[in-house]
There are 2 protein chains.
Amino acid sequence: MPTATAAQRRQRAREAYDAFMAECPTRQLLDTLSDKWMGLVLASLGGGPKRHSELARKIAGVSQKMLTQTLRTLERDGLVTRTVTPTVPVRVDYALTPLGRDLAPVMLAIKAWAEEHMDQVRAARAAYDAGRPEDATSPALP
Amino acid sequence: MPTATAAQRRQRAREAYDAFMAECPTRQLLDTLSDKWMGLVLASLGGGPKRHSELARKIAGVSQKMLTQTLRTLERDGLVTRTVTPTVPVRVDYALTPLGRDLAPVMLAIKAWAEEHMDQVRAARAAYDAGRPEDATSPALP
DNA sequence: CCGCATCCGACGCGATACTG
DNA sequence: CAGTATCGCGTCGGATGCGG
C-alpha cells in the first residue's frame, strides 16, 4: 500500500460517515466517547498502563461499576487492552492500543482546554447568573 | 502584555486546576462539554451563526428541548451568544464567542477522529463480540 | 485484589400542549 | 418561530454481596 493512500483513506472515511446523521454509527461512537468517564480514563492511561485500582484512585469519584463499564467499552472498541495476570491475588492491567494512543491526545486536549479556560467560564457564568437572579434558585426553602 | 505571559498563564491554569479531583470545577465543566449534544452543536456553529431551527434541522435526532437546554448552557458558559431579533415571528441567532471559537476545533477533532476511525472500531467490536458469543444472548431459560 | 450480578432510586430525556 | 411547563417512561448510576 503506497503512502498516497493515507490521505485518501482519511478523505473517504470523512465522506462515508457523517455524525450529524442520526442513524450513523459515528453518532453512537461519538456518544460513547462523550461518556462521563471516557475522557478521564483515556487521559489517565495516556500516562502509561495502569491497574484497575490505580485508575480508581487517580480518577476521584468514579464508582467501581462505572470504571469497569467504561473500561469494557473501551476494550470492546479496541482502544485499550485488558491483561490478566493470574497471580494469587489476580492482577489486571489496562493499556492503550495504538488506536487508543491515537485518540488520547485529542481527549487530553479537551481536558487541557477545560483547565486552561476555567477562569473565563466561571466569569461568564457569574455574569450570566448576575443578570438573571430571579430564575435561578428560589422556591421552597427548608 | 508581553508574550511571555501567555505560556505562564497556561502553566498556572493547569496547575491550579486538576480535573482528576472530584470537586474541581473543571470536572464539572468537562462533564458539561461531554454532554451528548455539545460536540455536535459546537461543531455545527463552527460553520457560522445559525438559527434555532437551522440547528435542529442539521443535528438530526435532537429534541427541541435538549437543543434549547444545550444552547442555554453554552450561553451561560460564555461559549455562544444568543441574539434575539424582535421581528414578528421572533428570530434568534446563535454564534460562537471567541471562547467558543477556541473550543470548537477541539470538539471537531473528536468528531473527525470518530468518523475517520469508525471502521477500525467496528472491526474491533466485531472481533470482541465474536470471541464471546455466549454472554450475549442467554436469558430465556426455565 | 478484581469485577460481575442484582436491586432500586433518581433524573434525563422525549412527547405534548400552551404563551409571546 | 422560539421557548416553557408538565408528565411518564427508560436508563443511568450507586450500594451491596458473591465468585474467582
Side-chain angles (χ1 to χ4, degrees), chain A residues 22-23 27-28 30-41 45 49-76 80-95 128 131-132 134-136 138-140, chain B residues 22 27-28 31-38 40-41 44-45 49-76 80-95 128 131-132 134-141:
Chain A
E23 307 79 4
R27 174 71 71 85
Q28 184 193 343
L30 209 55
D31 279 3
T32 304
L33 294 180
S34 306
D35 244 33
K36 197 174 183 181
W37 304 108
M38 285 290 171
L40 291 171
V41 169
L45 286 176
K50 301 267 185 306
R51 302 185 56 178
H52 180 114
S53 49
E54 288 181 284
L55 287 170
R57 230 174 302 117
K58 177 144 193 173
I59 305 173
V62 67
S63 69
Q64 185 272 345
K65 176 183 179 177
M66 283 300 101
L67 183 55
T68 299
Q69 199 174 96
T70 303
L71 287 167
R72 289 188 73 82
T73 302
L74 288 171
E75 184 194 3
R76 190 172 104 99
V80 308
T81 58
R82 177 170 174 274
T83 311
V84 181
T85 311
T87 53
V88 180
V90 195
R91 175 194 176 98
V92 183
D93 288 85
Y94 295 93
Y128 184 93
R132 8 206 125 185
E134 327 86 40
D135 56 341
S138 51
Chain B
R27 174 71 72 83
Q28 185 195 343
D31 279 3
T32 304
L33 295 180
S34 306
D35 246 30
K36 195 175 184 181
W37 304 107
M38 286 288 172
L40 291 171
V41 170
S44 188
L45 285 177
K50 301 265 185 307
R51 302 184 56 177
H52 181 109
S53 49
E54 288 182 284
L55 288 170
R57 230 174 302 116
K58 176 144 193 172
I59 305 173
V62 68
S63 69
Q64 186 271 349
K65 178 183 178 178
M66 281 301 100
L67 183 55
T68 299
Q69 196 175 99
T70 303
L71 286 166
R72 290 191 77 83
T73 302
L74 287 171
E75 185 195 3
R76 191 171 103 99
V80 308
T81 57
R82 178 170 173 274
T83 311
V84 181
T85 311
T87 52
V88 179
V90 195
R91 176 195 175 97
V92 183
D93 287 85
Y94 294 92
Y128 183 91
R132 6 206 129 188
E134 326 87 41
D135 54 342
T137 58
S138 53
L141 284 178

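In what follows, chains carry the letters A, B, and so on, assigned in the order in which the sequence lines appear, proteins first and then strands, with residues in each chain numbered from 1. Any value given below was found using the heavy atoms of this structure, including those in side chains, with hydrogens, waters and symmetry copies removed.
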Please list every donor-acceptor pair under 3.5 Å in which a side-chain atom of residues 57-69 of chain B meets a protein atom from a residue at least two apart or in another chain.
{"unit_1": "B:Ser63", "atom_1": "OG", "unit_2": "B:Met66", "atom_2": "N", "d": "3.2"}
{"unit_1": "B:Gln64", "atom_1": "NE2", "unit_2": "B:Thr68", "atom_2": "OG1", "d": "3.3"}
{"unit_1": "B:Thr68", "atom_1": "OG1", "unit_2": "B:Gln64", "atom_2": "O", "d": "3.1"}

Of all the nucleotides listed ([options]), which has the minimum atom distance to the side chain of [X]?
{"X": "A:Met66", "options": "D:dG13, D:dC1, C:dC4", "value": "D:dG13"}
{"X": "B:Lys65", "options": "D:dG13, D:dG3, C:dA15", "value": "C:dA15"}
{"X": "A:Val92", "options": "D:dG14, C:dG14, C:dC2", "value": "C:dC2"}
{"X": "B:Arg72", "options": "D:dA2, D:dT4, C:dC2", "value": "D:dT4"}
{"X": "A:Arg82", "options": "D:dC1, D:dG3, C:dC4", "value": "C:dC4"}

Legend entry - Side-chain heavy atoms of B:Arg72 within contact of A:Tyr128, under 4.5 Å: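 B:Arg72 reaches A:Tyr128 side chain to side chain.
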Inset, instruction - Check whether any side-chain heavy atom of A:Leu55 sits under 4.5 Å from a side-chain heavy atom of A:Leu45, and report yes or no. - result: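 They are in side-chain contact.
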Inset, instruction - Specify the separation, in whole Å, of atom CG of B:Asp31 and atom C1' of D:dC12. - result: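 My rounded result for the distance is 13 Å.
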Inset, instruction - Calculate the interatomic distance between B:Gln69 atom CD and C:dC13 atom P; express it in whole Å. - result: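 It works out to 7 Å between those atoms.
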Inset, instruction - Apply side-chain contact (heavy atoms from CB on, under 4.5 Å) to B:Asp35 and list each qualifying residue two or more places apart in sequence or on a separate chain. - result: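 B:Met38.
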Inset, instruction - Give the minimum heavy-atom separation between B:Tyr94 and B:Val80, together with the two atoms involved. - result: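 Closest heavy-atom pair between B:Tyr94 and B:Val80: CD2-CG2, 4.5 Å.
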Distance check: side-chain N/O of [X] vs OP1/OP2 of [N], anything under 4.0 Å?
{"X": "B:Tyr94", "N": "D:dG3", "answer": "yes"}
{"X": "A:Thr68", "N": "C:dG3", "answer": "no"}
{"X": "B:His52", "N": "D:dG3", "answer": "yes"}
{"X": "A:Ser53", "N": "C:dC2", "answer": "yes"}

Legend entry - Stretch residues 84-91 of chain A: residues that reach within less than 4.0 Å of DNA chain C through a heavy atom: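 Hits under 4.0 Å, by residue number: A:Pro89, A:Val90.
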